[in-house]
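Below is one structure; the comments refer to it alone.
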Amino acid sequence: MRSYRHVADDLKRQVRVVEIRALPGGYVGMTLRNLILLSEDVADDGTSGLLAHELVHVRQWHDEGRLRFATGYVWNFFRTLPRTRSWGASYRAIPHEVEAREDATRWARSASQLRPKD
């Protein structure tokens with residue numbers, strides 16, 4: 001997982017990735033502290049945007065602690081649900097998800113610049 005430079009090495013060493021074919025809600029990835037659950041097999045060779053995204057959540061859990069992360073995540077989802085009236089839109093608006101998408105996108109851009117050109 002060395003290629004995922006947007007997350008500290010000491011955190012990456014604590015991560016356990018488990019493949020679970022059927023995650024709730026049809027999600028393809030879910031993170032619980034340092035446990036990443038994926039509905040599909042993903043290589044940890046530095047090419048997976050999904051793994052990059054979920055690693056940001058590992059960092060968020062670590063930085064905020066269990067209670068603050070979990071309550072903030074759920075609170076922000078339900079806070080926006082009456083306005084959006086959409087499960088998907090409320091999920092995408094959660095600040096933790098916004099940050100994970102942005103960090104994973106920045107990681108992908110920098111990783112692609114480091115890869116040799118064909």
Side-chain angles (χ1 to χ4, degrees):
M1 280 201 215
R2 288 186 313 208
S3 298
Y4 298 99
R5 295 188 176 126
H6 62 300
V7 175
D9 288 338
D10 62 324
L11 284 180
K12 289 185 289 192
R13 282 191 288 276
Q14 299 172 32
V15 170
R16 182 166 171 233
V17 178
V18 177
E19 185 181 337
I20 297 181
R21 288 286 175 195
L23 287 174
Y27 292 106
V28 293
M30 185 177 291
T31 300
L32 303 167
R33 288 189 57 205
N34 61 344
L35 177 63
I36 297 176
L37 307 172
L38 300 175
S39 67
E40 56 193 44
D41 187 27
V42 173
D44 68 354
D45 62 356
T47 59
S48 171
L50 174 59
L51 191 51
H53 176 99
E54 296 303 329
L55 283 166
V56 175
H57 291 317
V58 170
R59 185 182 70 217
Q60 292 167 337
W61 276 95
H62 177 266
D63 291 350
E64 296 180 26
R66 288 180 236 182
L67 185 60
R68 186 170 168 222
F69 176 88
T71 56
Y73 192 99
V74 172
W75 166 256
N76 281 296
F77 173 80
F78 284 109
R79 181 179 60 86
T80 61
L81 192 56
R83 179 177 47 83
T84 64
R85 297 176 183 243
S86 164
W87 192 273
S90 291
Y91 163 75
R92 288 186 299 277
I94 297 169
H96 295 95
E97 291 299 330
V98 172
E99 178 184 8
R101 283 192 308 274
E102 290 172 351
D103 284 6
T105 298
R106 275 193 295 276
W107 163 83
R109 284 186 190 128
S110 68
S112 70
Q113 292 171 356
L114 296 175
R115 287 190 197 108
K117 305 286 185 223
D118 292 333

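Each residue takes its place number in the sequence, starting with 1.
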Query raised in the report: If you measure from CZ on Arg59 to CG on Asp103, what distance do you get to the nearest 0.5 Å?
Result: 4.5 Å
Query - Heavy-atom closest contact (Ser3 atom, Gly46 atom, distance) - result: CB-CA, 3.4 Å
Report summary line: One should read off an interatomic distance between Leu38 CG and Thr31 OG1, to the nearest 0.5 angstrom, of 7.5 Å
Query - Closest non-hydrogen atom pair between Ile94 and Tyr73, with its separation - result: CD1-CE2, 3.6 Å
Report task. Using a strict 4.0 Å threshold on nitrogen-to-oxygen distance, state whether Asp10 and Arg13 make a salt bridge. Result -> no
**Report entry** Connected via hydrophobic side-chain network under 4.5 Å: Val58 and Val42
**Finding:** yes
**Report entry** Residue pair Val7 / Met1, side-chain heavy-atom distance below 4.5 Å
**Finding:** no
Query - Close side-chain approach of Asn34 to Trp61, heavy-atom, < 4.5 Å - result: no
Query raised in the report: Honestly curious: do Val28 and Leu55 fall in one hydrophobic cluster under the side-chain, below-4.5 Å linking rule?
Result: yes
**Report entry** From Glu54 atom CD to Ser48 atom OG, the distance as rounded to the nearest 0.5 Å
**Finding:** 9.0 Å
**Report entry** Point-to-point distance, once rounded to the nearest 0.5 Å, from NE2 of His6 to OG of Ser110
**Finding:** 9.0 Å
Report task. Give, for atom CZ of Arg16 and atom CG of Leu37, the distance between the pair rounded to the nearest 0.5 Å. Result -> 9.0 Å
**Report entry** Val98-Phe78 co-clustered via ILVMFWY side chain contacts under 4.5 Å
**Finding:** no
**Report entry** Between His57 and Gln60: side-chain donor-acceptor atoms closer than 3.5 Å
**Finding:** yes
Query raised in the report: Heavy atoms, side chains only, cut-off 4.5 Å: are Glu40 and Leu50 in contact?
Result: yes
Show me the donor-acceptor pairs, under 3.5 Å and distance only, between side chains in residues 20-27 and residues at least two apart or in other chains.
unit_1 : atom_1 : unit_2 : atom_2 : d
Arg21  : NE     : Glu19  : OE2    : 3.2
Arg21  : NH1    : Glu19  : OE2    : 3.3
Arg21  : NH2    : Glu19  : OE2    : 2.7
Tyr27  : OH     : Trp87  : NE1    : 3.3

Query raised in the report: Going by atom types alone, do His62 and Gln14 pair a side-chain donor with an acceptor below 3.5 Å?
Result: no
**Report entry** Side chain proximity check, Thr71 to Val74, heavy atoms < 4.5 angstrom
**Finding:** no
Query raised in the report: Ignoring hydrogens and geometry, is there a side-chain-to-backbone donor-acceptor pair from Trp107 to His53 under 3.5 Å?
Result: no
Query raised in the report: Which value, rounded to the nearest 0.5 Å, describes the distance between Met30 atom CE and Ile36 atom CD1?
Result: 12.5 Å
Query raised in the report: Does one hydrophobic cluster hold both Val18 and Val15, with members joined at side-chain heavy-atom distances below 4.5 Å?
Result: no
